[in-house]
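Letters go in sequence order (proteins before strands), and every chain restarts at 1. Note that the structure is predicted; figures quoted are calculated from it, not measured.
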Amino acid sequence: MWRKSIVLMVLVLGIGAAVSAGPAPGGVLRVALASEPGTLDMQLTTGVAASIPARHVFEGLFAFDENYTPRPMLLEDWELSADGKTVTFYLRKGVLFHNGKELVAEDVVASLERWGKYGLTSKALWSHVVELKAVDDYTVVMVLDQPFAPLETYLANIYGGPRIYPKEVAEAAGGEPIPPEDYIGTGPYKFAEWKAGDYIKLVRFDKYSARDDAASGYAGKRVAYFDELIFYFVPEDNARLVGIQAGTYDYAVNIPNDLYPNVEGDPNIVPIIVDHPPVYPVALINTISPLTGNVKIRQAILAALDMEPIMLAGYGDPKFWKLNGSYFAPGIRWYTTAGTEAYDQADPAKAKALLAEAGYAGEPLRIIVAGDMTAQYNQSLVVADQLKKVGFNVDLQVYDKATLPAATTGRTRSGSSRSPSSTPSPTRRWCCR
Amino acid sequence: MLSFVVRRAAGMVVSVLLVVTITFILMQLIPGDPASVLLGPNATPEQIEALNRTWGFDKPIFVQFYKYFANFLRGNLGESIFFRQPVLRIIGQRAETSVFLGIMALIVVVGLGIPAGVIAAVRPNSWVDNSLLLLALAGASIPSFWLGLMLMVLFAGKLHLLPSSGYTSVIATGNIANLKNLILPAFALGFVNAALVARTARSSMLDVLRADYITTARAKGLRDSVVILKHALRNAAIPITTVISFTFASLVSGAVVTENVFALPGVGSLIVQSVLKRDYPTIQGIMLVVAVLYVVINFVTDLAYAFLDPRIRYR
């Protein structure tokens with residue numbers, strides 16, 4: 001099941017003018033975000049709201065191109081030894097941090113070490129890192145105890161991923177989020193101001209050292225056209241939409257699907273249905289609970305679910321989603337249909353038979369969901385209903401987003417519903433606690 | 001009078017201390033913790049525990065409370081976990097929006113509520129009275145967020161007369177025109193609260209208008225306007241003042257929904273964000289400031305009674 005999201009843009013120039021003149025530097029882009037991030041220290045947060053401004057400030061050794069294939073970003077080149085265990089990174093020369101210092105190997109080592117120790121998505125890679133050292137100012141060597149295939153993906157990932165900070169910033173922060181005054185990166189925009197509850201302001205970094213290769217996705221040459229980017233925190237969905245109509249903002253994200261008709265056909269607004277990469281809702285099943293530890297029970301759940309009503313409940317009009325059991329979209333190098341036959345069976349008879357086979361005696365199946373995540377909450381109601389119909393004794397428990405992690409770490413729960421991280425690697429798909 | 005002031009001041013201190021303690025206990029009862037909110041769903045329990053340890057949330061609750069209370073007595077409300085700034089500074093930054101919004105909403109409340117109540121009371125059970133009562137009922141029933149959204153769609157989205165959301169500091173920029181960002185939210189907030197004031201004003205005025213001295217005043221041949229505004233309204237003012245003063249306190253501290261709808265960086269939206277992020281020091285700080293605001297307004301209202309009605313003598 002893939003769902004798409006909507007972003008809106010105001011046409012600032014007439015179309016003809018835009019085509020003939022091409023983009024020119026200048027102006028302020030006012031973006032309406034749906035929430036205020038906790039921090040822009042991407043090593044310590046997986047928040048999408050944080051990543052939107054942070055992408056312009058911080059960079060990694062690699063970045064994803066439009067097909068979600070990792071390409072070198074801060075690297076000139078890199079090489080892997082024949083046994084796959086020694087990685088040598090060659091940094092680009094003359095890349096400046098926003099504080100004016102040149103990026104050198106010891107910054108990379110300090111940043112990666114901090115990430116390895118505290119970063120949210122470092123564990124699988126870092127457990128194999130034996131040694132990390134700066135050979136000279138522009139060369140870093142990483143020694144692994146065994147080859148690690150998704151290495152570049154891990155290093156390109158922004159969500160809880162290894163952004164590169166100056167050595168002194170990485171060392172001073174330790175396991176705590178970096179304070180805003182130390183937001184120093186190598187990106188095309190530098191951090192200017194965070195007005196709590198209001199906005200984050202970035203200004204163009206004039207000494208940005210752009211790559212020469214063509215832009216593709218997050219990779220390649222990055223050009224900062226706007227003088228300033230201001231990210232406003234506008235939690236109310238309608239306020240973001242009306243803000244675009246009123247000209248208060250130029251760009252708004254996370255417009256609810258049911259508000260789409262309000263902007264369709266408006267000559268001043270460009271609605272964009274974002275479907276790349278597709279994201280999808282997931283119910284994680286607890287395999288260590290006595291009930292769902294039983295594979296027959298899990299198969300019964302899969303057999304019972306009918307995906308179309310579930311998606312309609314969550315996302316409405318089918319132009320905003322499509323059914324697909326694959327983890328990755330066509331075009332992404334990991335795309336495969338293997339294993340999708342268990343998806344969307346909608347076979348209650350089979351589910352009942354599996355339940356009988358499992359010896360199910362009406363033990364409560366607890367589903368936990370965040371009530372403030374509207375789509376997932378609506379979907380959980382349909383899921384609960386479908387499961388009840390095949391004989392499950394469903395206990396739907398509703399929490400708020402902040403309480404959900406505490407509720408899921410109890411390890412006795414039977415399942416949870418949330419969106420997975422959208423990092424395109426099979427190993428990063430479901431992170432295990 | 002002096003002993004009254006002293007006793008009330010002592011009572012204020014007790015109230016504030018109680019609020020500090022109760023807020024602290026309540027915070028501990030909510031499940032969830034700041035580290036797991038900040039680190040997100042992919043963090044391991046070890047990472048969450050480590051960050052909570054850095055912030056001192058692993059200590060026994062008594063130790064945490066003692067530390068908090070000791071700091072509080074020194075006037076230090078601690079540092080916000082998420083903003084990494086002193087709590088008082090953050091509240092100070094947000095206070096401007098809330099105070100201006102509160103004052104502008106209060107203008108709407110008083111400007112609509114009192115005239116509506118007085119007019120309705122002067123012509124009881126007339127069509128004017130009935131329509132004003134109906135309007136007041138609608139005002140009390142309409143949720144302010146819905147009214148806010150409708151105003152936003154109409155005045156910002158369709159007519160392009162006013163900005164849809166956001167607010168830039170008047171004090172920092174010196175640009176008084178920024179106040180136009182607060183017109184829609186102030187009206188949305190004020191209209192709903194004006195209904196309450198109108199109803200209180202009406203019933204209070206009706207009581208007074210039946211009094212003998214009003215009949216006497218009319219018999220003396222005084223003009224209606226003098227009888228109503230000078231003789232009646234002043235005597236009806238006490239309950240109205242009570243309602244208005246508490247309305248103001250709630251306008252400043254409790255415009256949570258309206259601030260969220262209009263993306264205003266005020267104290268109300270700070271409360272919501274801090275609770276959702278489990279930013280304990282900030283929540284405690286806001287609760288304290290709000291408690292102080294309420295007791296101060298309460299105190300000032302008591303003094304205002306004595307001013308409005310010289311018959312009131314406090315023991």
Side-chain angles (χ1 to χ4, degrees), chain A residues 30 32 35-39 44-47 118-121 123 159-160 174-177 179-181 194-199 232-236 238-249 262 372 399-409 416 418-421 428 431-433, chain B residues 30-34 36-45 47-48 50-51 53-55 80-85 90 93-94 97 145 148-149 152-153 155-160 162-169 181 259-267 269-270 272-273 275-279:
Chain A
R30 296 157 305 167
S35 61
E36 178 166 11
T39 174
L44 292 192
T45 178
T46 52
Y118 305 106
L120 294 180
T121 56
K123 219 173 165 185
Y159 305 104
E176 279 196 74
E181 61 270 21
W194 186 329
K195 189 144 177 286
D198 201 357
Y199 60 79
Y232 291 94
F233 318 130
V234 189
E236 171 61 41
N238 285 285
R240 290 196 300 282
L241 175 74
V242 178
I244 285 280
Q245 290 170 329
T248 312
Y249 311 111
N262 296 11
D372 43 358
Y399 294 85
D400 69 313
K401 236 191 287 185
T403 323
L404 199 65
T408 48
T409 43
S416 73
R418 68 159 88 102
S419 286
S421 120
R428 280 284 311 128
C431 183
C432 313
R433 288 179 182 281
Chain B
I30 319 179
D33 59 279
S36 48
V37 175
L38 180 81
L39 297 176
N42 291 341
T44 63
Q47 286 167 322
I48 291 170
L51 194 53
R53 204 177 315 123
T54 323
W55 285 331
S80 157
I81 295 171
F82 284 88
F83 300 120
R84 309 292 304 274
Q85 287 175 20
I90 291 173
Q93 286 168 353
R94 300 295 193 95
T97 317
F145 80 87
L149 282 175
M152 192 195 284
V153 168
F155 288 97
K158 301 273 181 243
L159 301 175
H160 299 278
L162 290 164
S164 64
S165 48
Y167 171 72
T168 312
S169 169
N181 285 50
E259 285 182 8
N260 233 29
V261 166
F262 286 94
L264 300 176
V267 175
S269 55
L270 182 64
V272 177
Q273 289 158 4
V275 171
L276 290 178
K277 291 174 174 171
R278 304 288 187 265
D279 191 342

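The shortest non-hydrogen separation linking A:G243 to B:S164 is CA-OG, 3.0 Å. Considering all non-hydrogen atoms of both residues, A:A196 and B:Q93 come closest at CB-OE1, 4.4 Å. Counting all heavy atoms, side chain and backbone alike, A:Q245 lies closest to B:H160 at O-CE1, 2.8 Å. Between B:G157 and A:V242, the closest heavy-atom pair is N-CG1, 3.6 Å.
For A:D198, the salt bridge (Lys or Arg N to Asp or Glu O under 4.0 Å) partners at least two apart in sequence or on another chain are A:K195. When the side chain to side chain donor-acceptor pair (under 3.5 Å) test is applied to A:N238, the partners found at least two apart in sequence or on another chain are A:E236.
Distance check: B:T168 OG1 to A:Y199 OH gives 7.0 Å after rounding to the nearest 0.5 Å. In this structure, the separation between OG1 on A:T248 and CG on B:L162 is 10.0 Å, given to the nearest 0.5 Å.
Interface residue B:L149: only side-chain heavy atoms are found under 4.5 Å from chain A. Looking at B:F262, neither its backbone nor its side chain comes within 4.5 Å of chain A, counting heavy atoms on both sides. Residue contact with chain B, scored on non-hydrogen atoms closer than 4.5 Å, is absent for A:Y232. When heavy atoms are compared at a cutoff of 4.5 Å, B:A156 approaches chain A by way of both its backbone and its side chain.
Checking B:S165 against A:Y249 by side-chain atom types alone, a donor-acceptor pair falls below 3.5 Å.
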